[in-house]
Protein chains: 2
Amino acid sequence: MKTGANFLEKKDVSKATLERLPLYLRFLQEESGRGTEYISSSVMAQAIAVSSVLVRKDLETVSSEAGRPRLGFKTARLIADIEKFLGYDNLSDVVLVGAGGLGKAFLGYEGFKSNGLNVVAAFDCNPQVVGKEVAGKPILHLDEFDEFVKAKKIRIGIIAVPKRAAQEILDKMVGAGIKAVWNFAPAPLYAPKGVIVKTEDLAASLAILAGKLYRLDMDEKEKV
Amino acid sequence: MKTGANFLEKKDVSKATLERLPLYLRFLQEESGRGTEYISSSVMAQAIAVSSVLVRKDLETVSSEAGRPRLGFKTARLIADIEKFLGYDNLSDVVLVGAGGLGKAFLGYEGFKSNGLNVVAAFDCNPQVVGKEVAGKPILHLDEFDEFVKAKKIRIGIIAVPKRAAQEILDKMVGAGIKAVWNFAPAPLYAPKGVIVKTEDLAASLAILAGKLYRLDMDEKEKV
DNA sequence: CTGATATCGATAAAAAAATATCAAAATTGG
DNA sequence: CCAATTTTGATATTTTTTTATCGATATCAG
């Protein structure tokens, strides 16, 4: 049986590379702030704990300019290239559904902006929170969702509602024209083709970390 | 296949597999709740959108019992096996530093518990939050951190403080004996060998999603 | 000017991960 | 009981990702 879910591999950049690019970017921005004009692949490699060859290979696909022997890459240019590749240059509006603990945290989370993202509003049904503001962002009633999203032509949504409501919200999002969804409800969701869904299972992520620790312990005990 | 006792074998499980296991687990728990007794690899594959061969390969490393032709795997047994492998069977205590928006969200986040994790307390410096409780979990002053962690022999910590304080907190954690750290500050941290650090960059994760959408758009435009 | 050297980029090799294929096993339905 | 069918598990193959190697090149020091 073939159940390929990889409809997103148009460009020939690997998923792994895609996840390293923001790390490079963050480091480069820091260095640039310190006035570094040129930066070598080995320095970048050191910073994010990978090999320098891998850095060069990653950059190969996104850099518009070759690195210069003995100097490295031009920091500013590299930043611009990565930002362009990741689409940070055109600020994207994002909506959030679910203004519970996690939802509010997102509204207040700084750092989205520097990655080209702008959370514009949250939606909820709970009358206790509807009408309030968090970090200057309004919490609106879910009834207004469709109109709002369509009017603003928003393409990205975050789901931070309880599990049981998640699929319903996803459908609502798709209906309103949203094309990419970041899901924090611990449930696999089904979306039509052409809509990207990334489910982020925080509990599982932490559990994986704990599991590594656990197995590390086991190994040590074995040795003795 | 290697020799020796099945349950003490050193597992060489790939990172990719490790990330799929929680997905299998969640699905299996759901199915088990519906009374499913046996489950086939192809059903599981369908559920999390991978190939059935891959499912079998993943299970091979963790399942204590072979699947039965024509029936599949015993659901309950599989759940127990995965939970054991991931270390969910022995509840791990976790501490959190930083009781801002994100930190509070974690205190209230349900779902950790079902993954064998128990967030026992948060720590902060801000007198406005110290002494309060969120979801029944106390927020203590950072001064008490060391004693608390050592007394309870806690091994896992979550960092939810601003970037500039992150490295300092990590060092404090290491000093108190913590061995695994989940870092939400958008900064690469340096830890001594033997301490696992996983940095979770939320803004970057969302940006990656947005970037995929962006490139999808570009591709479509290219076609026209 | 000249040579030493750090750094890149290309190519090759290795390692890791995913997929394909198929015989063997065992349940199911007659 | 027996054949048909489904599903596993092993092996082989392909694809993807990472690492290793090395000649070319441009800067820097003297």
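This one's a predicted model, so the numbers in the text were calculated from it and none came from an experiment. By convention in this document, chain letters (A, B, ...) are assigned in the order of the sequence lines, proteins followed by strands, and residues within each chain are numbered from 1.
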Atom pair distance, as rounded to whole Å: CG in Asp58(A) and P in dT19(D): 10 Å
Length of the CZ-P vector between Phe73(B) and dT6(D), whole Å: 18 Å
Residue met sooner reading DNA chain D from 5', once Leu71(A) and Arg20(A) are mapped to nucleotides: Arg20(A)
Close side-chain approach of Trp182(A) and Leu202(B), heavy atoms under 4.5 Å: yes
Whole-Å gap separating C1' (dT8(D)) and CD1 (Ile39(B)): 15 Å
Sugar-phosphate, base or nothing in reach of Ser52(A), heavy atoms under 4.0 Å: nothing
Touch class at under 4.0 angstrom, heavy-atom based, for Thr17(A) against every strand present: nothing
Nearest-Å distance for atom pair CD/P, residues Glu65(A) and dA26(D): 14 Å
Given dA10(D), dA26(D), dT19(D), the nucleotide with the shortest approach to the side chain of Arg70(A): dA26(D)
Rounded distance (Å) that lies between atom C1' of dA15(C) and atom NZ of Lys57(A): 14 Å
Rounded distance in Å - CG (Leu18(B)) to P (dA16(C)): 16 Å
Residue closer to the 5' end of DNA chain C, Ser40(A) versus Ser14(B) (nearest nucleotide): Ser40(A)
Proximal nucleotide (of dT7(C), dA10(D), dG9(C)) relative to the Pro69(A) side chain: dT7(C)
Out of dT8(D), dT18(D), dA17(C), whichever nucleotide has its closest atom nearest the side chain of Ser41(B): dT8(D)
Test applied, side-chain contact (heavy atoms from CB on, under 4.5 Å); reference residue, Val181(A); option that passes from Ile196(A), Val174(A), Ile158(A), Leu170(A): Leu170(A)
Carboxylate-amine/guanidinium contact Asp89(B) Lys84(B), below 4.0 Å: no
Candidates dT19(D), dT7(C), dT19(C) - which lies nearest the side chain of Ser51(A): dT19(D)
Enclosure of Gln46(A) CD (heavy-atom neighbours >12, cutoff 6.0 Å): no
dC28(D) OP1/OP2 closer than 4.0 Å to side-chain N/O of Arg68(A): no
Whole-Å gap separating C1' (dT7(D)) and CD (Glu60(B)): 15 Å
Interatomic distance where CG belongs to Leu54(A) and C1' belongs to dA14(C) [whole Å]: 15 Å
Options dT21(D), dT25(D), dT21(C), nucleotide nearest the side-chain atoms of Val53(B): dT21(C)
N/O (side chain, Arg56(A)) to phosphate O (OP1/OP2, dG9(C)) under 4.0 Å: no
Pairwise 5' ranking along DNA chain D for Ala16(A) and Ala66(B), keeping only the more 5' one: Ala66(B)
Salt bridge Glu31(B)-Arg26(B), side-chain N to carboxylate O under 4.0 Å: no
